[in-house]
Amino acid sequence: MHFAYPPRKSSNPPPFRPRTSALPTIRGKRLKAIVLSGLAFLTLLWLFHRGGRNRHAPPAYHKPSGNPPVVIVTVFNEGKYGKGYLDMVKENRLKYAEKHGYGTFFVKSSDYDLRGAPVSWATLPAVRHAMTKFPDASYIWYLDQNAFIMNPLLKIEEHVMKPSRLEELMIKDHPVVPPDSIIKTFSHLKGHDVDFVLTQDKDGLSSSSFVVKNGEWAKFFIETWFDPIYRSYNFQKAEQHALEHIVQWHPTILAKLALVPQRILNSYSKEKGGQEYKEGDLAVRLYACGEAGEDTCETESQRFAQWKAAHQDS
């Protein structure tokens, strides 16, 4: 049986006729809405990220205005020294500070919890405390309770901390711990790089009189020096030996340190300990006073009672 073939398609199809459906228009509107929504989402995401970044940004550092130019810090051990002697030390600081418009910061060693460490460690929280109380001070001068300011005409910011003056005074390429420490002060250091100034005596670095430039680096330095791990080491000379350790092992601190001649900042009452005081020096420390009894400092201080006349005449 044979079946008929289906009819063949025409070789001349009808001309193309455009669709009359609205589907492409709908698709175009949806695409436009999706694009706009995406842009809005990305904008919100960027704004959120920017706001979050600003919330967690580090605070701007406070730059001291220089009011007051210097704050003198002294820590008193009232259990070791008599009231008359300590009052005389306060008077010495106050007269000098009044002349130059400086601030003073007097505290007791018992004001700070040292967790069993020697009382001399109180130097460091006292200095850090002064930075907080006087955020606009340019410099903090720590001066031991066994020292007296002898020359009221000399100003810390000019006599010690002025960059051009430091260029003249700095002892460069010198062993940090005499006589033969392999770690030496930097030979290329410039005056404007210095944030920490102190002296040496015959035994090593002396922390009885030093100056720090107030700022973020000084806070870092003092907090590093006061770290509990160093207090736990039981150094023979407490914070003094801790400082020698830190300076030799932390170049970030050595890079800000300047040694100056001892008589610039920290003359001694006896040549036995270091460079002996001579008339005209800024300050004198009563070397080793107090070791033979609480009255020995007051007795020795009478040798240097001329500071009172010097303050009256200036």
Side-chain angles (χ1 to χ4, degrees), residues 73 75 114 117-131 138-144 147 156 160-161 163 165-268 273-275 283 285 287:
V73 178
V75 180
L114 302 176
V119 295
S120 59
W121 276 101
T123 297
L124 304 178
V127 170
R128 184 63 179 85
H129 191 174
M131 291 177 182
S138 295
Y139 305 104
I140 307 294
W141 179 20
Y142 173 79
L143 188 60
D144 191 79
I156 289 295
V160 181
M161 298 304 294
R165 173 67 167 163
L166 280 170
E167 293 281 352
E168 301 172 358
L169 296 175
M170 284 190 292
I171 305 173
K172 300 181 179 180
D173 197 28
H174 182 77
V176 172
V177 181
D180 53 4
S181 170
I182 61 172
I183 306 299
K184 298 181 179 181
T185 53
F186 289 170
S187 59
H188 61 275
L189 199 64
K190 302 298 182 181
H192 61 263
D193 296 324
V194 174
D195 282 359
F196 177 43
V197 177
L198 78 167
T199 65
Q200 286 178 327
D201 58 20
K202 290 184 177 180
D203 295 326
L205 297 179
S206 176
S207 57
S208 58
S209 178
F210 62 83
V211 182
V212 289
K213 184 178 180 180
N214 197 12
E216 296 303 316
W217 184 88
K219 294 173 185 176
F220 151 76
F221 165 58
I222 295 298
E223 290 168 6
T224 300
W225 190 359
F226 192 61
D227 193 289
I229 193 170
Y230 297 124
R231 283 179 278 151
S232 70
Y233 282 175
N234 294 320
F235 290 110
Q236 183 180 4
K237 291 189 176 182
E239 80 291 345
Q240 182 174 324
H241 281 174
L243 177 61
E244 293 179 350
H245 172 86
I246 293 169
V247 168
Q248 293 185 92
W249 287 95
H250 295 274
T252 54
I253 292 175
L254 184 61
K256 293 287 188 178
L257 176 149
L259 289 178
V260 298
Q262 187 176 355
R263 287 180 49 210
I264 293 296
L265 192 61
N266 192 24
S267 303
Y268 280 4
Q275 294 183 5
R285 182 190 176 201
Y287 179 74

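Keep in mind it's a predicted model, so treat the numbers as computed, not measured. Start at 1 with the first residue, then count along the sequence.
By the side-chain hydrogen bond (donor to acceptor under 3.5 Å, both in side chains) test, Lys237 is found to be paired with Asp203, residues two or more places apart in sequence or in another chain being considered. Residues forming a side-chain hydrogen bond (donor to acceptor under 3.5 Å, both in side chains) with Gln240 (at least two apart in sequence, or on another chain): none. Ser208 meets the side chain to side chain contact (heavy atoms under 4.5 Å, CB included) test with Asp144, Ser206, Asn266, Tyr268, Arg285; sequence neighbours excluded. In this structure Asp193 satisfies the salt bridge (Lys or Arg N to Asp or Glu O under 4.0 Å) test with no other residue, sequence neighbours excluded. With sequence neighbours left out, the side-chain hydrogen bond (donor to acceptor under 3.5 Å, both in side chains) criterion links Asp227 to no other residue.
Here the closest heavy-atom approach between residue Val119 and residue Leu114 is recorded as CA-CD1, 3.7 Å. Across all their heavy atoms, Val73 and Ala126 have their closest contact at CG1-CB, 4.1 Å. Shortest non-hydrogen contact noted between Val260 and Ile171 is C-CD1, 3.8 Å. For the pair Trp121 and Ala242, the tightest heavy-atom approach, listed with the atom from each and the gap, is CH2-CB, 3.5 Å. In this structure, Phe226 and Pro125 approach most closely via the heavy-atom pair CE1-CD, 3.6 Å. Between Ser209 and Trp141, the closest heavy-atom pair is OG-NE1, 3.1 Å.
Aromatic ring centres of Trp249 and Tyr230 lie farther apart than the 6.0 Å criterion allows.
The distance from the CH2 atom of Trp225 to the CG atom of Leu124 is 5.0 Å, given to the nearest 0.5 Å. Note that the OG1 atom of Thr252 and the CD1 atom of Ile246 stand 10.0 Å from one another [nearest 0.5 Å]. We find the CG-CD1 distance between Leu198 and Ile264 to be 13.5 Å, quoted to the nearest 0.5 Å. Between the NZ atom of Lys184 and the CG atom of Leu259 there is a distance of 13.0 Å, given to the nearest 0.5 Å. Rounded to the nearest 0.5 Å, atoms CD1 (Ile222) and CH2 (Trp217) are 8.0 Å apart.
Inter-residue side-chain proximity for Ile183 and Val247 is flagged as unmet; no heavy-atom pair is nearer than 4.5 Å. The closest side-chain heavy-atom distance from Met170 to Thr185 is not below 4.5 Å. Contact of the Phe221 side chain with the Val212 side chain is registered, since non-hydrogen atoms from C-beta on lie closer than 4.5 Å. Taking the side chain as every heavy atom from C-beta outward, Lys213 and Val194 never approach each other to under 4.5 Å.
Evaluation of the side chain to side chain donor-acceptor pair (under 3.5 Å) test over residues 170-180, restricted to residues two or more places apart or in two chains, returns His174-Gln200.
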- [ ] Please assess Asp201 against Gln262 for the test side-chain contact (heavy atoms from CB on, under 4.5 Å), listing each intermediate value before the final yes or no.
- [x] CA-CA 7 Å; Asp201 58 20; Gln262 187 176 355; 4.0 Å; yes

TODO: Take Thr123 and Glu239, measure what side-chain hydrogen bond (donor to acceptor under 3.5 Å, both in side chains) needs, and give me the verdict at the end.
DONE: CA-CA 9 Å; Thr123 297; Glu239 80 291 345; 4.9 Å; no

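Ring geometry, Phe196 versus Phe210: the interplanar angle exceeds 60°, so the pair is classed perpendicular (tilted spans 30 to 60°). Between His241 and Phe235, the angle of the ring planes goes over 60°, which puts this pair in the perpendicular group of the 30/60° scheme.
When atom types are taken as modelled, the side chain of Glu244 and the backbone of Leu205 share a donor-acceptor pair closer than 3.5 angstrom.
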